[in-house]
Amino acid sequence: MEKKTFVRKEQIEEIVKKYPTPFHIYDERGIRENAKALKEAFSWNKGFKEYFAVKATPNPYLIDILREYGCGCDCSSYTELMLSEAMGVKGEDIMFSSNETPAEEYKYANELGAIINLDDITHIEFLEKTIGKLPEMISCRYNPGGVFKISTDIMDNPGDAKYGMTTEQMFEAFRILKEKGVKKFGIHSFLASNTVTNEYYPTLAKQLFELAVELKKKVGVEIAFINLSGGVGIPYRPEQEKNDIYAIGEGVRKAFEEVLVPEGMGEVAIYTELGRFMMAPYGHLVTQAIHEKHTHKEYIGCDACAVNLMRPAMYGAYHHITVLGKEGAPCDQVYDVVGSLCENNDKFAIDRSLPKIEVGDYLVIHDTGAHGYAMGYNYNGKLKSAELLLKEDGSVKLIRRAETPKDYFATFDQLDIFDKFKF
Ligand SMILES: *Cc1c(COP(=O)(O)O)cnc(C)c1O
């Protein structure tokens with residue numbers, strides 16, 4: 001599929017007059033259409049709820065848009081819980097899916113009335129010690145081990161993942177929790193990441209539904225919900241085909257009818273914790289080419305770097321690049337598109353075929369709406385960029401200002417040595 005930008009060159013030339021590059025910009029229309037489609041695709045399930053994975057894009061303006069479509073927040077840390085509380089999200093609208101959780105985070109999650117999702121059987125005791133009486137409803141995270149396959153394709157390797165409880169531990173945990181007075185149970189599992197196939201959720205769902213039936217029969221517990229978590233991916237590469245969320249919803253429905261309904265479990269709610277699928281395609285990192293360099297390779301140096309988008313440096317992830325205004329031009333040059341960190345892995349693209357780039361051109365790096373800004377850091381004293389929202393009416397709103405040196409120095413005790421900078 002051709003990768004198109006949601007902004008044109010002329011728009012960016014206007015925007016940079018007020019907000020200089022680099023910045024992340026998000027497409028309100030795209031976010032809304034996608035959130036609506038997800039809701040429709042699972043409307044067959046009465047209790048369906050998407051808990052947006054806050055870590056993917058922790059910006060309250062963006063999460064507020066999702067809340068209009070019934071989304072809650074999936075949190076995994078103290079500050080993510082704070083962000084949710086500040087936005088007025090509380091109680092069962094928060095899923096707390098953490099791991100290696102500090103006691104004060106459990107305490108806070110419990111005070112907010114969040115649904116607590118335990119990553120390990122030992123956390124039952126830890127939680128009880130921390131908060132006293134356990135809540136009425138608890139979820140446990142499942143990891144069957146081995147590899148996760150769809151027919152013969154290996155999708156991911158849960159056996160290597162630090163998360164979740166084994167099958168035996170799930171039964172044991174549910175027994176213990178029931179004994180301790182827990183009344184309602186959830187099952188959570190995240191077995192493959194960034195899947196670009198309509199089969200991931202239905203395959204996972206079937207496994208979890210079968211486990212739920214066994215847990216109900218053998219332990220005698222009430223299963224309130226099944227949380228399919230994240231992992232529905234997006235086509236970062238032009239040759240990949242987009243997931244069809246309606247086909248995914250229908251696949252999960254079939255498994256539900258096949259496994260749960262005959263067992264009298266037709267009331268079980270389906271939850272999701274999607275991050276990437278909800279936001280990634282609706283964010284661009286916009287950067288300007290500021291240098292070109294001809295040595296052993298051809299380089300384009302831009303004003304963004306890996307602190308703005310870490311995925312290429314960290315995972316070798318592909319992010320498509322469009323040179324604004326040159327959409328139709330032949331891709332007859334081969335470049336490394338690089339940032340300014342003193343790290344040779346600071347490359348947004350390696351040996352990428354692109355149109356001829358001039359210094360001053362604006363580049364759009366695609367699919368940065370999730371795990372983009374959020375993974376940012378301050379290495380080399382680089383500052384985090386602004387985040388902008390392109391609204392449906394075409395106007396642009398600043399939804400997070402860029403960092404300034406003052407932010408960078410703010411955690412020193414002795415701020416007075418910086419006084420002369422008057423920032
Ligand atoms: C990261 C994460 C998600 C979101 O994953 P995506 O790949 O962005 O969909 C959901 N749940 C948990 C517990 C996570 O850690």
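Counting starts at 1 for both ligands and their atoms, in listed order.
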Atoms in ligand 1 flagged as close to [X], the criterion being non-hydrogen separation under 4.0 Å:
{"X": "Ser229", "answer": "10 (C), 11 (N), 12 (C)"}
{"X": "Gly231", "answer": "6 (P), 7 (O), 9 (O)"}
{"X": "Gly275", "answer": "4 (C), 6 (P), 8 (O), 9 (O)"}
{"X": "Arg141", "answer": "13 (C)"}
{"X": "Asp74", "answer": "10 (C), 11 (N), 12 (C)"}
{"X": "Arg276", "answer": "6 (P), 7 (O), 8 (O), 9 (O)"}

| request: Kindly state each residue pair satisfying side chain to side chain donor-acceptor pair (under 3.5 Å) with at least one member in residues 150-159, sequence neighbours excluded. | output: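 Side chain to side chain donor-acceptor pair (under 3.5 Å) check on residues 150-159 returns Asn157-Asp160.
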
| Distance only, no hydrogens: is a donor on one side chain within 3.5 Å (strictly under) of an acceptor on the other, for His366 and Thr322? |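 A donor-acceptor contact under 3.5 Å links the two side chains.
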
| said: I'd like to know if the side chain of Thr57 pairs up with that of Asn59 as donor and acceptor (distance under 3.5 Å, no hydrogens or angles considered). | reply: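 Checked: Thr57/Asn59 side chains show no N/O donor-acceptor pair below 3.5 Å.
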
For [atom], find the nearest protein heavy atom and state the residue, atom name and distance (0.1 Å precision).
{"atom": "atom 12 (C) of ligand 1", "result": "Glu273 OE1, 3.5 Å"}
{"atom": "atom 5 (O) of ligand 1", "result": "Phe190 CE1, 3.5 Å"}
{"atom": "atom 15 (O) of ligand 1", "result": "Lys55 NZ, 2.6 Å"}

| query | Counting only heavy atoms, which portion of Asn194 has something under 4.0 Å from ligand 1: side chain, backbone, both, or neither? | reply |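 Near ligand 1, Asn194 shows nothing, with every heavy atom at 4.0 Å or more.
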
| field | Mode of Ala56 contact toward ligand 1 - side chain, backbone, both, neither (heavy atoms, under 4.0 Å) | value |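 Looking at Ala56 and ligand 1, no heavy atom falls under 4.0 Å.
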
| Tyr61 six-ring face occupied by Arg400 cation (under 6.0 Å, within 45°) |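 Not flagged: Arg400 not positioned over aromatic ring of Tyr61.
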
| said: Tell me whether His371 reaches ligand 1 (any heavy atom closer than 4.0 angstrom to a ligand atom). | reply: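 True for this residue.
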
| task | For Ser340 and Asn380, work out which heavy atoms get closest and say how close. | result |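 Looking at all heavy atoms of both residues, the closest pair is O-OD1, 4.0 Å.
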
Charged N-O contact under 4.0 Å between [X] and [Y]:
{"X": "Glu104", "Y": "Lys107", "value": "no"}
{"X": "Asp407", "Y": "Arg401", "value": "yes"}
{"X": "Glu33", "Y": "Lys36", "value": "no"}

